[in-house]
Amino acid sequence: MAFESSFKAIDNTLHHDDGCSTALDYVEQSSWVLFLKYLDDLELTREQAAELEGKVYERIISGEYQWHEWAMPLDAKGDYDRARALVGDDLIDFVNQKLFPYLQGFKERFNADTIEYKVGVIFTEIKNKISSGYNLRDVIERIDELKFQTADNRHEMTQIYEDRLRQMGNAGRNGGEYYTPRPLIRAIVKSVNPQVGETVYDGACGSAGFLCEAYTYMHDKEGLTSSEEEVLQTKTFYGKELKGLAYIIAMMNMILHGVQSPNIIRTNTLSENLANIQPSEQKDIVLANPPFGGAEREEVQQNFPIRSSETAYMFMQHFIKMLKAGGRAGIVIKNTFLSNTDAIAIRKMLLENCNLHTILDLPSGVFTGAGVKTVVLFFTKGEPTEKIWYYQVDKHFTKTNPLTEADMQEFLTLQKTQAESEHSWTIDVSTLGEDCDLSVKNPNKVEEVDERTPSEIAESILALNSENQTLIDEIMEMVK
């Protein structure tokens, strides 16, 4: 695949650059170059469409700042004019002293709902870390070979880009906060089933995986009209993110997926008092995997009627408040939420105010490197819960054997009728005790007898030890 081989070569180049030291840097730095090339291809497509209609298209990026002026200058025949191409210190000086300030200025010159403003925000938040102009020239030339002008091109690119985000998430200590496996996201989106005309919100959006997948799901609707496309572009997807790199990646990720002016705000979602959220701000759909295990200051905790120092519990209250009456949600949360005593009040509030119709139980290996078990809560706001349907994904996942879309298919099939099976069952809420313990206790599971021979068991243990050593080696390499 052209995209995959190109990104591997780019990573190798950046690995030898003094300004880039981690996988996070490789993704961040290749992203801004990739973004400008994508934007140039987008503008070329618009320019050609305007010509066919006898109109004049005014480019977002003009003059010497266009891709084919500073990055890949062309000669009279339209071929790459290597003699005119900036390189070395000249290239770095142009990027740092002219290109970035020019793009940053968009934030001041354009309205907040335009793609120009979003470009300004991106280049205000991000900085060029590539120190060698020769390395940057190599990155530019490799990215220029990539084409984004067909749907197949864009699909291939976004698939590879998502894989890079996965690598970035696994490389950072807090990576699990902003990366959720795409097969899981797609299953959640399919289950919640957002429709064109509904608003979709993620208040802890990270790299915007839920919003991107929701857009793809809704955009792929057969017979989508131009007015519906306009609704998807401007009035459907809303996100908030606190961390700088995740916020920038989210903006670029949405634009690369096709949403040209993302409604994403950089803010601490939890700093907003729940009492101040107005009905006009509420959304039809909430899709999210909020960070867990964190803590907020006392003044932030005061924004919530049920006090907690656990960020995930605050986010749960926020998401319930952000849903319109009749609104639907799919929320990933640590499985201890189902039984911990410090979450009793929130569980009661959820069961009394929402129909928690489904709990999807996931094994610990779903989130590579996180080492925790999670569940997905599916609920509808505005009516109390009477029955809860559980589904348990009963499979062992590892870094080399990750969750796939096929692993989620039985869940999606059975959920439609909430049928019972070896992996699914239903409980009546009226049978719960005062603590509203929602722990996963599968009454239908048939215990399997391990029929492996001693040598097969020993071989399995050795394989697991080898995998653990590989993870340790990778961590030690990052620490160096």
Side-chain angles (χ1 to χ4, degrees), residues 178 180-221 224 227-241 250-251 253-254 257-259 261-265 267 269-270 272 274 277-291 312 314-333 349-350 353-360 374-383 385 388-389 408 411-412 415-416:
Y178 52 84
T180 308
R182 286 315 181 264
L184 176 59
I185 291 179
R186 293 185 188 115
I188 294 171
V189 170
K190 288 176 183 176
S191 177
V192 176
N193 190 28
Q195 299 296 303
V196 178
E198 293 183 316
T199 48
V200 182
Y201 174 72
D202 183 350
C205 71
S207 61
F210 278 102
L211 299 179
C212 288
E213 291 298 337
Y215 169 76
T216 299
Y217 179 83
M218 297 164 82
H219 186 265
D220 286 349
K221 171 190 171 185
L224 191 73
S227 61
E228 287 175 327
E229 174 66 39
E230 177 68 18
V231 168
L232 289 181
Q233 286 289 334
T234 60
K235 300 176 182 177
T236 300
F237 304 101
Y238 300 85
K240 294 176 183 176
E241 173 55 41
M251 294 275 281
N253 198 16
M254 289 206 72
H257 274 78
V259 181
S261 183
N263 298 305
I264 299 179
I265 302 169
T267 184
T269 303
L270 303 179
E272 182 175 5
L274 250 62
I277 295 176
Q278 301 300 309
S280 59
E281 300 173 70
Q282 293 174 321
K283 304 294 188 273
D284 298 295
I285 307 285
V286 172
L287 303 168
N289 176 15
M314 287 184 267
F315 269 111
M316 276 299 299
Q317 295 177 72
H318 172 81
F319 291 143
I320 293 170
K321 183 62 182 279
M322 281 297 295
L323 272 179
K324 294 179 179 179
R328 311 185 300 286
I331 311 294
V332 181
I333 196 166
M349 179 185 71
L350 176 62
N353 294 283
C354 303
N355 177 15
L356 177 62
H357 55 80
T358 300
I359 294 179
L360 170 63
T374 55
V375 293
V376 186
L377 308 178
F378 294 92
F379 55 89
T380 302
K381 184 176 176 179
E383 55 189 40
T385 306
I388 304 172
W389 182 76
M408 301 305 302
F411 161 72
L412 291 170
Q415 192 201 22
K416 292 175 183 177

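Sequential numbering from 1 along the given sequence is applied to the chain's residues. Treat the numbers as computed from the prediction; the structure is a model and nothing was measured.
- A donor-acceptor pair under 3.5 Å links the side-chain atoms of Thr385 to the main chain of Cys354, judged by distance alone.
- In terms of heavy atoms, Ala214 sits closest to Leu287 at CB-CD1, 4.1 Å.
- Contact record, Gly330 with Val192: N-CG2, 4.0 Å, taken as the closest heavy-atom pair.
- Counting all heavy atoms, side chain and backbone alike, Met349 lies closest to Asn353 at O-ND2, 2.8 Å.
- Note that CG of Leu323 is 7.5 Å distant from CD1 of Ile331, once rounded to the nearest 0.5 Å.
- By the 4.5 Å heavy-atom criterion applied to side chains, Met218 and Val200 are counted as neighbours.
- Side chains of Val259 and Leu232 form no contact here, defined as non-hydrogen atoms less than 4.5 Å apart.
- A pairwise comparison of heavy atoms in Gly209 and Arg182 identifies CA-NH2, 3.2 Å as the closest pair.
- Residues that satisfy the ring pair (Phe, Tyr, Trp, His ring centres under 6.0 Å) test with Phe378, not counting sequence neighbours, are Phe411.
- Tested against Lys381, the residues Lys324, Gln282, Arg328 include a single side-chain contact (heavy atoms from CB on, under 4.5 Å) partner, Gln282.
- Between the side chain of Lys240 and the backbone N or O of Thr269, no donor-acceptor pair lies under 3.5 Å.
- With values rounded to the nearest 0.5 angstrom, Ile188 atom CD1 is found 14.0 Å from Asn193 atom CG.
- Inter-residue side-chain proximity for Asp284 and Gln195 is flagged as unmet; no heavy-atom pair is nearer than 4.5 Å.
- Using a distance-only test at 3.5 Å, with no hydrogens or angles considered, no donor-acceptor pair links the side chain of Asn355 to the main chain of Glu383.
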Candidate pair Phe237 and Asn263, rule side chain to side chain contact (heavy atoms under 4.5 Å, CB included), full reasoning:
CA-CA 6 Å; Phe237 304 101; Asn263 298 305; 5.7 Å; no
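- Contact of the Phe315 side chain with the Pro291 side chain is registered, since non-hydrogen atoms from C-beta on lie closer than 4.5 Å.
- With contacts defined as side-chain heavy-atom distances shorter than 4.5 Å, the pair Ile359/Leu377 qualifies.
- For the atom pair NE2 of His257 and OH of Tyr215, the computed distance is 10.0 Å after rounding to the nearest 0.5 Å.
- Partners of Phe379 under the ring pair (Phe, Tyr, Trp, His ring centres under 6.0 Å) rule, at least two apart in sequence or in another chain, do not exist in this structure.
- To the nearest 0.5 angstrom, Ser191 atom OG is 6.5 Å from His357 atom NE2.
- The stretch residues 227-239 participates, sequence neighbours left out, in these salt bridge (charged side-chain N to carboxylate O under 4.0 Å, His left out) pairs: Lys221-Glu228.
- A donor-acceptor pair under 3.5 Å links the side-chain atoms of Thr236 to the main chain of Val231, judged by distance alone.
- Note that OG1 of Thr199 and CD1 of Ile285 are 7.5 Å apart. Values are rounded to the nearest 0.5 Å.
- Using modelled atom types, one side-chain atom of Gln233 and one backbone atom of Gly258 make a donor-acceptor pair closer than 3.5 Å.
- Between Pro290 and Ala204 the shortest heavy-atom distance is CA-CB, 4.0 Å.
- With contacts defined as side-chain heavy-atom distances shorter than 4.5 Å, the pair Thr216/Val189 does not qualify.
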Would Gln415 and Leu360 count as a side chain to side chain contact (heavy atoms under 4.5 Å, CB included) if you check the C-alpha gap in whole Å, the side-chain angles of each, and the deciding distance to 0.1 Å?
CA-CA 10 Å; Gln415 192 201 22; Leu360 170 63; over 6 Å; no
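- With rounding to the nearest 0.5 angstrom, the CG atom of Asp202 is 5.5 Å from the CG atom of Leu211.
- Between Met322 and Glu272, every side-chain heavy-atom pair lies at or beyond the 4.5 Å cut-off.
- Of all the heavy atoms in Gly206 and Glu241, the pair that sits closest is N-OE1, 2.8 Å.
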Tell me, with the steps shown, if Val376 and Leu184 meet side chain to side chain contact (heavy atoms under 4.5 Å, CB included).
CA-CA 10 Å; Val376 186; Leu184 176 59; 4.2 Å; yes
